[in-house]
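Let me begin by presenting the structure, written as structure tokens, before commenting on it.
From a predicted model like this one, the values you see are computed outputs, not experimental measurements.
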Amino acid sequence: MKGRGLTTGNGYIEGKELENFFQELEKARKGSGMMSKSDNFGEKMKEFMQKYDKNSDGKIEMAELAQILPTEENFLLCFRQHVGSSAEFMEAWRKYDTDRSGYIEANELKGFLSDLLKKANRPYDEPKLQEYTQTILRMFDLNGDGKLGLSEMSRLLPVQENFLLKFQGMKLTSEEFNAIFTFYDKDGSGYIDEHELDALLKDLYEKNKKEMNIQQLTNYRKSVMSLAEAGKLYRKDLEIVLCSEPPM
């Protein structure tokens with residue numbers, strides 16, 4: 001888990017890393033509706049450290065952390081270790097969201113998770129996969145409609161990898177999206193290519209007065225292009241990422 005808030009494989013999480021971990025956990029809990037506004041994050045962290053940091057060195061063993069987390073969060077911790085990049089995540093998503101609706105069916109979830117773990121070269125057994133599947137359904141299919149949305153499911157990704165989160169403050173209405181897409185799809189073919197996507201993303205960032213470095217832009221473009229078919233990014237693919245609500 002190098003670079004994802006933990007020290008390199010020493011079994012401990014400490015100082016700033018611990019703070020980052022808690023903040024990430026808090027985001028994940030809010031995102032899945034598990035956290036009430038009254039949860040006092042700072043106090044909980046202090047209380048947690050007093051209780052589990054036996055020798056007061058500011059370090060907590062990962063094993064201890066895993067023991068005290070509720071099942072859902074423990075699971076998130078596991079899964080974030082497994083998920084590779086957002087591009088891999090989107091490739092797996094693309095395979096299951098065949099009608100480009102921005103949702104996958106609950107009964108396809110097991111295959112989706114299995115694909116993700118294979119992409120990340122993580123061994124898993126059938127009982128573990130079953131457990132993962134059930135946990136995710138409990139966390140993300142809150143209204144029980146048997147559908148799981150892309151923006152919710154992307155919370156399995158570590159925060160730095162979750163490019164969908166980056167677009168949260170820049171979501172477009174259908175009208176805005178259609179105007180932008182039409183502008184870049186100059187020949188009216190219904191799709192754009194990688195270079196046009198590049199220009200579209202830059203425009204979006206400038207319009208929202210957000211800073212974006214070239215490396216980030218390249219990563220986001222790669223992740224979004226994972227939804228494309230033979231280098232063609234169709235209107236519905238991009239709509240899933242950029243619109244406030246997935247198209248129904």
Side-chain angles (χ1 to χ4, degrees), residues 27-28 30-33 83 85-106 108 112 116 140-143 145-248:
K27 276 184 194 163
K30 277 181 182 159
S32 56
V83 173
S85 67
S86 57
E88 285 173 351
F89 178 88
M90 294 305 276
E91 277 163 22
W93 182 270
R94 176 77 179 71
K95 181 175 163 186
Y96 290 90
D97 180 15
T98 46
D99 61 354
R100 327 273 221 286
S101 65
Y103 293 97
I104 58 171
E105 304 298 318
E108 295 174 323
F112 172 69
L116 268 187
F140 296 119
D141 186 17
L142 296 174
N143 61 358
D145 66 356
K147 289 195 304 186
L148 299 156
L150 174 65
S151 54
E152 294 167 322
M153 289 291 289
S154 69
R155 290 177 190 279
L156 290 174
L157 289 163
V159 168
Q160 316 84 293
E161 266 295 332
N162 189 345
F163 75 103
L164 287 165
L165 280 180
K166 309 291 184 286
F167 294 112
Q168 285 306 310
M170 304 192 288
K171 291 290 191 181
L172 302 168
T173 64
S174 291
E175 290 75 19
E176 288 170 328
F177 173 77
N178 285 331
I180 286 177
F181 194 88
T182 305
F183 178 77
Y184 285 95
D185 176 22
K186 291 195 166 49
D187 60 359
S189 61
Y191 62 82
I192 58 175
D193 64 21
E194 197 170 353
H195 302 297
E196 289 163 332
L197 175 63
D198 206 17
L200 187 153
L201 291 177
K202 280 178 187 157
D203 273 8
L204 201 54
Y205 264 73
E206 278 168 22
K207 179 176 164 247
N208 285 276
K209 298 183 172 54
K210 293 204 176 203
E211 292 294 314
M212 185 190 231
N213 66 41
I214 295 303
Q215 188 55 53
Q216 279 178 317
L217 188 66
T218 307
N219 290 344
Y220 298 158
R221 187 182 64 228
K222 189 178 168 200
S223 299
V224 177
M225 284 307 290
S226 303
L227 288 170
E229 206 172 303
K232 297 173 179 176
L233 186 68
Y234 286 89
R235 183 183 288 264
K236 273 190 104 169
D237 295 323
L238 191 57
E239 198 172 0
I240 290 165
V241 176
L242 295 183
C243 279
S244 317
E245 292 297 325
M248 291 308 284

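The side-chain heavy atoms of Arg94 and Glu229, taken from C-beta on, include a pair separated by under 4.5 Å. Side-chain contact between Val224 and Met90: absent, with no pair of heavy atoms (C-beta onward) separated by less than 4.5 Å. Inter-residue side-chain proximity for Asp185 and Glu196 is flagged as unmet; no heavy-atom pair is nearer than 4.5 Å. At a threshold of 4.5 Å between non-hydrogen side-chain atoms, the residues Leu242 and Leu204 count as touching.
Closest of all the heavy-atom pairs between Phe140 and Leu148 is CB-CD2, 3.7 Å. Here the closest non-hydrogen pair linking Ala199 and Tyr184 is O-OH, 3.5 Å. When every heavy atom of Arg221 is checked against every heavy atom of Leu197, the shortest pair comes out as CG-CD2, 3.7 Å. When every heavy atom of Thr173 is checked against every heavy atom of Glu176, the shortest pair comes out as N-OE1, 2.9 Å. Contact record, Trp93 with Gly149: CH2-C, 3.7 Å, taken as the closest heavy-atom pair.
Rounding to the nearest 0.5 angstrom, the gap separating the CG atom in Asp141 from the CD atom in Glu105 is 10.0 Å. One finds the CZ atom of Arg235 at 10.0 Å from the CD1 atom of Ile192 (value rounded to the nearest 0.5 Å). To the nearest 0.5 Å, atoms CG (Asp97) and CD (Glu108) are separated by 8.5 Å. For the atom pair Lys222 NZ and Ser86 OG, the distance stands at 8.5 Å (nearest 0.5 Å). Of the inter-residue distances, the one linking Ser226 atom OG with Phe89 atom CZ reads 11.0 Å to the nearest 0.5 angstrom. In this structure, Ile240 CD1 and Tyr103 OH are separated by 10.5 Å, a value rounded to the nearest 0.5 Å.
Geometrically, Lys186 engages Phe183 in a cation-pi contact defined by less than 6.0 Å to the ring centre and at most 45° from the axis.
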I'd like to know whether Asn178 forms a side chain to side chain donor-acceptor pair (under 3.5 Å) with Thr182, so could you lay out the CA-CA distance, the side-chain angles of the two residues, the decisive distance to 0.1 Å, and finally the verdict.
CA-CA 6 Å; Asn178 285 331; Thr182 305; 5.9 Å; no
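When atom types are taken as modelled, the side chain of Asp237 and the backbone of Ala228 share no donor-acceptor pair closer than 3.5 angstrom.
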